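All values reported here derive from a predicted model rather than from experimental measurement.
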Amino acid sequence: MALISLLLALLIERVVHLSAKLQLDNVLQRYLFPLLPSFINGGLLGTLVIIALPAILMYSLLDALAGLYYGIFTIITWLLLLLMSFGGSDYRRDYRQYLKALSRNDLEAKGMYANCLDVNSERFCATLLTQAVAQQLVWLNYRFYFAVIFYFVVAGPIGLTLYVVVRSYHKYIVQHHRKRLKRTGIHRIMRIVDWLPARLTMLGFALVAEEQAALPQSLRSWRDLSTPEFDLLGKVVYLASKANVETDQCYDYTCYLVQLAKRNITFFVTIISLLTINGTII
């Protein structure tokens, strides 16, 4: 059932783009986190309380729906959860606008939409900005697609709910309480939940790319516990792409990395399908 739900969700997500207001990240940031200001300074324990609440609600909902009408409502709930966890509609819209700015070489618009993608355009020259934005797009693809698929398949709806809450809460703290980030404990939790899926996606990039120079770097990342996953992934995708398109070819380079990210998702969905057919994954 997990594979069917996943494939249906991916198909629906490609056809119907869910409104940003309905995505789980935005729902949590609008309705849950602002109601719990006393937990912001609560350290690790307060952070665990915040991320556990939605998971408990999801568990209660699925338990109440279990067995009703041959499990139809359970599948619908799984689909809605996946669709609300995917995406980043705002980022996808800004990515399209960034590509349009690249195609017409509009430096001002390129910098503006790079900022919308959480890249500080003032810190980079034109070529380095292209690398930074492309790396950020790959990271967003990981956060909003690969990690979602990983936790749904490995840990089910409850595990996926926990991951999305951690992802959303981390972003909320960065945006509103950046100076308190380390005291909340969410940074450590985010590093923990990103550790395995981030390294798997690095391995996937190395395997699906034509350039094999990325494979040794992806294997070294398993021993590297100090470097942030964002930087490790950036090194891998740079090595995976440098033989196929130059970074000064801004439009081609950005599009190539996004296509590589999509190819990586397809690769792992294929593996999940094979493991499901084999009976390894139920």
Checklist entry - In the single-linkage hydrophobic clustering (I, L, V, M, F, W, Y; side-chain heavy atoms under 4.5 Å), do Leu22 and Phe86 co-cluster? => result yes
For Leu65 and Thr74 the tightest heavy-atom approach is O-OG1, 3.5 Å
Residues joined to Leu11 in its hydrophobic cluster, side chain to side chain under 4.5 Å directly or through other members, sorted by chain and number, are none
**Prompt:** Got more than 12 heavy atoms from elsewhere within 6.0 Å of CZ, Phe267?
**Reply:** yes
Note to self: If hydrophobic clusters are built by linking Ile, Leu, Val, Met, Phe, Trp and Tyr wherever their side-chain heavy atoms come under 4.5 Å apart, do Leu6 and Ile271 end up in the same one?
What the structure shows: yes
Is any side-chain heavy atom of Leu99 less than 4.5 Å from a side-chain heavy atom of Cys255? yes
For the side chain of Ser273 and the backbone of Val269, is there at least one donor-acceptor N/O pair under 3.5 Å apart?
yes
Cluster check Ile272, Ile277: I/L/V/M/F/W/Y, side chain < 4.5 angstrom | no
Determine yes or no for a side-chain-to-main-chain donor-acceptor pair under 3.5 angstrom, with Gln136 supplying the side chain and Leu117 the backbone. yes
So CD1 of Ile186 and NE2 of His170: to nearest 0.5 Å the spacing works out to 7.0 Å
* To do: Flag the pair Arg263 / Val208 as yes when at least one side-chain heavy-atom distance between them is below 4.5 Å, and no otherwise.
  => yes
| Are the side chain of Arg191 and the backbone N or O of Leu225 linked by a donor-acceptor pair below 3.5 Å? | yes
Here the gap from Leu232 atom CG to Trp222 atom CH2, rounded to the nearest 0.5 Å, amounts to 11.5 Å
Between the CG atom in Leu275 and the OG1 atom in Thr270, the distance rounded to the nearest 0.5 Å is 11.0 Å
- Message: For Gly111, is there any backbone N or O sitting under 3.5 Å from a side-chain donor or acceptor partner on Asn115?
- Response: yes
Donor + acceptor pair across side chains of Asp224, Ser226 (<3.5 Å)
yes
On a heavy-atom basis, the closest approach of Trp78 and Pro157 is NE1-CG, 3.3 Å
- SB check Arg167 Asp25 (cutoff 4.0 Å): yes
Tightest non-hydrogen contact, residues Arg199 and Ser221, listed as NE-O, 2.8 Å
Practice item. Output, in order, the C-alpha distance, side-chain angles, deciding distance and verdict of side chain to side chain contact (heavy atoms under 4.5 Å, CB included) for Phe230 and Gln135. Key: CA-CA 8 Å; Phe230 176 83; Gln135 179 180 349; 3.1 Å; yes
Inset, instruction - Flag the pair Arg143 and Asp194 as a salt bridge only when some basic side-chain nitrogen lies within less than 4.0 angstrom of an acidic carboxylate oxygen. - result: yes
Quiz item: Judged by modelled atom types alone, do Asp118 and Tyr91 share a side-chain donor-acceptor pair under 3.5 Å?
Solution: yes
task: Go through Ser85 and Leu160 one step at a time and tell me if the side chain to side chain contact (heavy atoms under 4.5 Å, CB included) criterion holds.
output: CA-CA 8 Å; Ser85 302; Leu160 174 56; 3.9 Å; yes
Tightest non-hydrogen contact, residues Ala132 and Val119, listed as CB-CG1, 3.9 Å
request  = For the pair Tyr98 and Thr254, evaluate side chain to side chain contact (heavy atoms under 4.5 Å, CB included) and give the outcome as yes or no after the intermediate values.
outcome  = CA-CA 10 Å; Tyr98 176 80; Thr254 303; 4.1 Å; yes
Q.
I'd like to know whether CD1 of Ile4 has more than 12 heavy-atom contacts from other residues, nucleotides or ligands below 6.0 angstrom.
A. no
Rounded to the nearest 0.5 angstrom, the CD-CD distance for Gln29 and Gln23 is 11.0 Å
_A side-chain contact here means heavy atoms from C-beta on lying under 4.5 Å apart; do Lys235 and Met202 qualify?_
no
In terms of heavy-atom contacts, Val165 and Ile50 come closest through CG1-O, 4.2 Å
Connected via hydrophobic side-chain network under 4.5 Å: Leu196 and Leu233
yes
Any side-chain heavy-atom pair from Leu215 and Leu203 closer than 4.5 angstrom? yes
One should read off an interatomic distance between Leu10 CG and Ser5 OG, to the nearest 0.5 angstrom, of 11.0 Å
Would you tabulate the side-chain donor-acceptor contacts of residues 145-156 under 3.5 Å, counting partners in other chains and residues two or more places apart, or write 'none'?
unit_1 : atom_1 : unit_2 : atom_2 : d
Tyr145 : OH     : Glu13  : OE2    : 2.7
Tyr145 : OH     : Arg92  : NH1    : 3.0
Tyr151 : OH     : Val193 : O      : 2.4

In this structure, NZ of Lys262 is separated from CG of Leu260 (nearest 0.5 Å) by 12.0 Å
Could you check if a side-chain atom of Tyr95 sits within less than 4.5 angstrom of a side-chain atom of Val258, using non-hydrogen atoms only? yes
If you group Ile, Leu, Val, Met, Phe, Trp and Tyr by side-chain heavy-atom gaps below 4.5 Å, do Ile51 and Trp195 land in one group?
yes
- Task: Give the C-alpha distance, both sets of side-chain angles, the deciding distance and a yes or no for side chain to side chain contact (heavy atoms under 4.5 Å, CB included) between Glu229 and Trp139.
- Result: CA-CA 9 Å; Glu229 281 69 26; Trp139 179 250; 3.9 Å; yes
For this session: Using modelled atom types only, decide if a donor and an acceptor are shared between the side chain of Thr201 and the backbone of Pro197 within a distance under 3.5 Å.
Result: no
On a heavy-atom basis, the closest approach of Leu257 and Ser241 is CD2-CB, 3.5 Å
Item to complete: Would you check if Asp231 and Pro228 make a side-chain contact, meaning some heavy-atom pair closer than 4.5 Å?
Response: yes
